[in-house]
Amino acid sequence: MSTVLHSLGRAAFRHRARFLAAWLLVIALAGGGFAVYGSHLDSEATIPGSQAQEGIDVLEKALPSATGVTAQVVFVAPKGSTVNDPAQHAAIEQAVRSAAKAPQVQRVADPFQAKTVSADHRTALAQVLYPIKRDALHDSSVAALEDIAAEARSSGLRVEVGGTIYSTAGVLVGVAEVLGVVVAVVVLVLTFGSLLAAGLTLLTAVVGLALGLVGLMLVSNVATVSSTAPSLALMIGLAVGIDYALFLLSRHRTQLAAGMDPEESTARATATAGSAVVFAGLTVITALAGLSVVGIPFLTVMGLAAAAAVLTAVAVTITLLPALLGFTKERLRPKPGSRADRRERVAAAGLRNGGERWARLITRRPLATMLTVVLGLVVVAIPATQLTLAMPDNGTAAPESTQRKAYDQISEAFGPGNNGRLIVLVQSRNGDPQQSAAQIATGLHLPGVISVGRPQLGTDGRTAILTVTPKNGPRDAKTEELVRDIRTVTPRLGAKADAKVLVTGSTAAAIDVSDRLSASLLPFAAIVVGLALVLLLLVFRSIVIPVKAAVGFLLSVAAAFGAVVAVFQWGWLADLLGVPTTGPVFSFMPIVLLAVLFGLAMDYEIFLVSRMREDFVRSGRSHQAVYAGSRYTARIVTAAALIMFSVFASFMTTEDLTLKPIALGLAVGILVDAFLIRMTLVPAVLALIGKHAWWLPRWLDQRIPDPDLEGTRPSRPKEDPAPTTHAGEPTRR
């Protein structure tokens, strides 16, 4: 691996104009393609193999209007009046007529005819039906309905719009996200002591991120790409892009400070740090691509999109960055006597710096350090035992949004169950769906059911649906129990009515998603962790290192889950962090957080331990290897962790409660993993075990390939000078 990357880095340095031109061509082609074709993101989530999805598939043919998006227009009369007052009644009727003529609307259910007026006659609810999927609904159509609501408010009514016409917005970049990048720039400048080095790091990260996102948008024209996929790709791609460039460029600067020629330094940095970047990227990609084992297309696309962003970041780091280093040549060498020069020379001379002093401090009593870290993280992880999951709905939207206000008004006036009605699909085998549905309806009056609507017939002559209104809201655990209770009795009811019965609709689909994710979590973790352990076994030629890495990761992710539960379910610091609603967490959060955090945690493991192994291979002294690895990498790992934390924390400001808990979990998980696990627990464990940490059975060592991650065999042209012995430069072995 290092031999190939050494040659690649040298070629990029020497032929920098060609490499840069090639990347500019790729950027131009991607940008031109996006300008011509644009994107076509899809907000629809399917759950193949689930009962809810089976019902939705049937309804799309037999009763398409039942699967289209809907809007809910809620009219609330001022205090002291009712919706039946002449002025209010006339305003509502006018709004209903206008809505019926709005773009893409199929029909509007008049609240007075449909009897959707609250018991106190102060609230009326009009259902607006669109016979299309959410991705086919134009933004202008939603705006037109909101304008009608605004006009109705002039009569004194309080009018809000809700329903499934609102969904996750996808890529949202605001001031806070930009602030996260600004913080990253500050950290880079402090780390390098050079605006040029900081600028190169950020430039390569942005190029990789932009290409990844534009490529994803282009792919959305030929394949289904969910609207939330770009958000995750943006968050992950930006973080790893900066980190990967940081690790390679910092190695280059260290070697320049030691007096190495810029061309050879670029080749060596690409061979050593570049190898770590490649394998770190592989662990992240493995974890993200592993989301496909869950069998939910929506989640698969999210994982593959983020994996593609990481792959692009790796490619940019090992090809474009070395080419840019060719243009800078000597300008990145720390100036003699500068702070950066003194810092690099201290490390190169083997003198103690902050990283090594910390490593020596925590390894004085390694067992006590291990117990303190483990027990502390176990305490932080305690809230994770109370984790509950649900799919987001308008009840998780920002409090000031019209859809959230409509949701709350419906809950208050009609009961929370009206925000999460269930659909019971009846397929008659005897050709009389209305009779079959009526017979089944009598058995659906279970505890927790407020009402069962009249049968609505499909167009195929054998299908009907029953609308069941639960007592509790769609994210309530009691509604989940009710769905399972209904599914328990429907086989018996269907047999008596000679019909097939399916419980479907958005609420049932959300429950099916949660069940699928719960069942897939352990197999997913086993596959992803197993593949990553194999990669770490190849990289470090050790049994202990991969196992230790996995255990450390489990502690990090448990602490991250604990923080998410404490904030989003228990409400700790909710106001400070801008969490408008507490309750169940987004169902996809655990498995997405598990995948992303595992990959990023392995990044730090590889960057830190690979430098330790490099010194151990050269010196054979295990304790000195721990100190040397900490001396060279502690500052860089600290900078990388702070950068990732700032990027993830910036996404905490988004109003999207599907992304917000993931951002918090990643931010907490990164801090825990970098500072407590990799920079504290790892040195303590390695110091306690000693040279046995690097043990690998001889028979296994002979049978598995050696990627030479520590860069002890980079190729050199014949004219290269003999290898020197200064610290930080790999030697032959």
Side-chain angles (χ1 to χ4, degrees), residues 9 13 179-207 238-266 268-270 272-274 276-277 317 320-359 604 607-608 611 628-647 674-675 679 726-729:
F13 187 97
L179 181 60
V181 176
V182 172
V183 173
V185 172
V186 172
V187 173
L188 288 172
V189 172
L190 293 176
T191 301
F192 288 121
S194 166
L195 287 174
L196 178 59
L200 282 177
T201 303
L202 189 62
L203 175 63
T204 53
V206 171
V207 168
L238 182 59
V240 300
I242 293 176
D243 273 9
Y244 293 167
L246 168 65
F247 281 110
L248 192 146
L249 193 53
S250 64
R251 185 66 176 253
H252 178 59
R253 290 260 293 177
T254 297
Q255 294 169 165
L256 289 177
M260 190 178 291
D261 174 73
E263 179 179 326
E264 176 61 17
S265 178
T266 299
R268 293 293 183 89
T270 308
T272 52
V277 165
T317 301
L320 178 60
L321 181 56
L324 295 177
L325 296 182
F327 287 103
T328 62
K329 295 183 179 179
E330 292 284 346
R331 288 192 292 276
L332 282 175
R333 192 186 300 277
K335 294 180 180 180
S338 66
R339 179 174 176 271
D341 179 64
R342 293 194 303 271
R343 184 174 55 207
E344 298 295 352
R345 290 189 179 278
V346 164
L351 302 177
R352 297 181 185 182
N353 58 13
E356 182 175 348
R357 284 193 289 270
W358 174 252
Y604 295 132
F607 290 130
L608 177 65
R611 199 63 187 259
S630 299
R631 180 170 65 247
Y632 283 113
T633 61
R635 177 172 55 89
I636 304 304
V637 169
T638 298
L642 291 177
I643 289 170
M644 279 202 175
F645 173 79
S646 65
V647 171
F675 297 112
M679 292 176 58
H726 67 267
E729 180 182 350

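Quick caveat: nothing in here was measured; it's all calculated off a predicted structure. Atom set for the values below is all heavy atoms of this structure, side chains included, hydrogens, waters and symmetry mates excluded.
- Residues Ile636 and Arg251 are not in side-chain contact: their nearest non-hydrogen atoms beyond the backbone lie 4.5 Å or more apart.
- Looking at residues two or more places apart in sequence or on another chain, you find a side-chain contact (heavy atoms from CB on, under 4.5 Å) between Phe192 and Leu188, Ser194, Ala197, Thr201, Leu246, Leu249, Ser250, Arg253.
- In this structure, Thr328 and Leu332 approach most closely via the heavy-atom pair OG1-CD1, 3.5 Å.
- The distance from atom OG1 of Thr266 to atom CG of Leu321, rounded to the nearest 0.5 Å, is 8.5 Å.
- When all heavy atoms of Ala634 and Gly355 are compared, the closest pair comes out as CB-CA, 3.5 Å.
- A 6.0 Å sphere centred on CG of Leu196 holds more than 12 heavy atoms belonging to other residues, nucleotides or ligands.
- Applying the ring pair (Phe, Tyr, Trp, His ring centres under 6.0 Å) test to Phe13 and every residue at least two apart in sequence or in another chain returns nothing.
- Every residue two or more places apart in sequence or in another chain was checked for a ring pair (Phe, Tyr, Trp, His ring centres under 6.0 Å) with Tyr604, and none qualifies.
- The side-chain contact (heavy atoms from CB on, under 4.5 Å) test applied to Thr633 returns Leu608, Arg611, Val637, not counting sequence neighbours.
- When all heavy atoms of Ala639 and Thr191 are compared, the closest pair comes out as CB-OG1, 3.2 Å.
- Contact check for Phe607 versus Tyr244: side-chain heavy atoms found under the 4.5 Å cut-off.
- At a threshold of 4.5 Å between non-hydrogen side-chain atoms, the residues Leu320 and Leu203 do not count as touching.
- Leu200 has its side chain out of reach of Thr204: every pair of non-hydrogen atoms, C-beta onward, lies at least 4.5 Å apart.
- Note that CZ of Arg268 and CG of Leu256 are 12.5 Å apart. Values are rounded to the nearest 0.5 Å.
- The side-chain contact (heavy atoms from CB on, under 4.5 Å) check on Ala205 picks up Ile242, with sequence neighbours excluded.
- Partners of Val186 under the side-chain contact (heavy atoms from CB on, under 4.5 Å) rule, at least two apart in sequence or in another chain, are Leu190.
- The CE atom of Met260 sits 9.5 Å away from atom CZ of Arg333, with the distance rounded to the nearest 0.5 Å.
- Partners of Ser265 under the side-chain hydrogen bond (donor to acceptor under 3.5 Å, both in side chains) rule, at least two apart in sequence or in another chain, are His252, Gln255.
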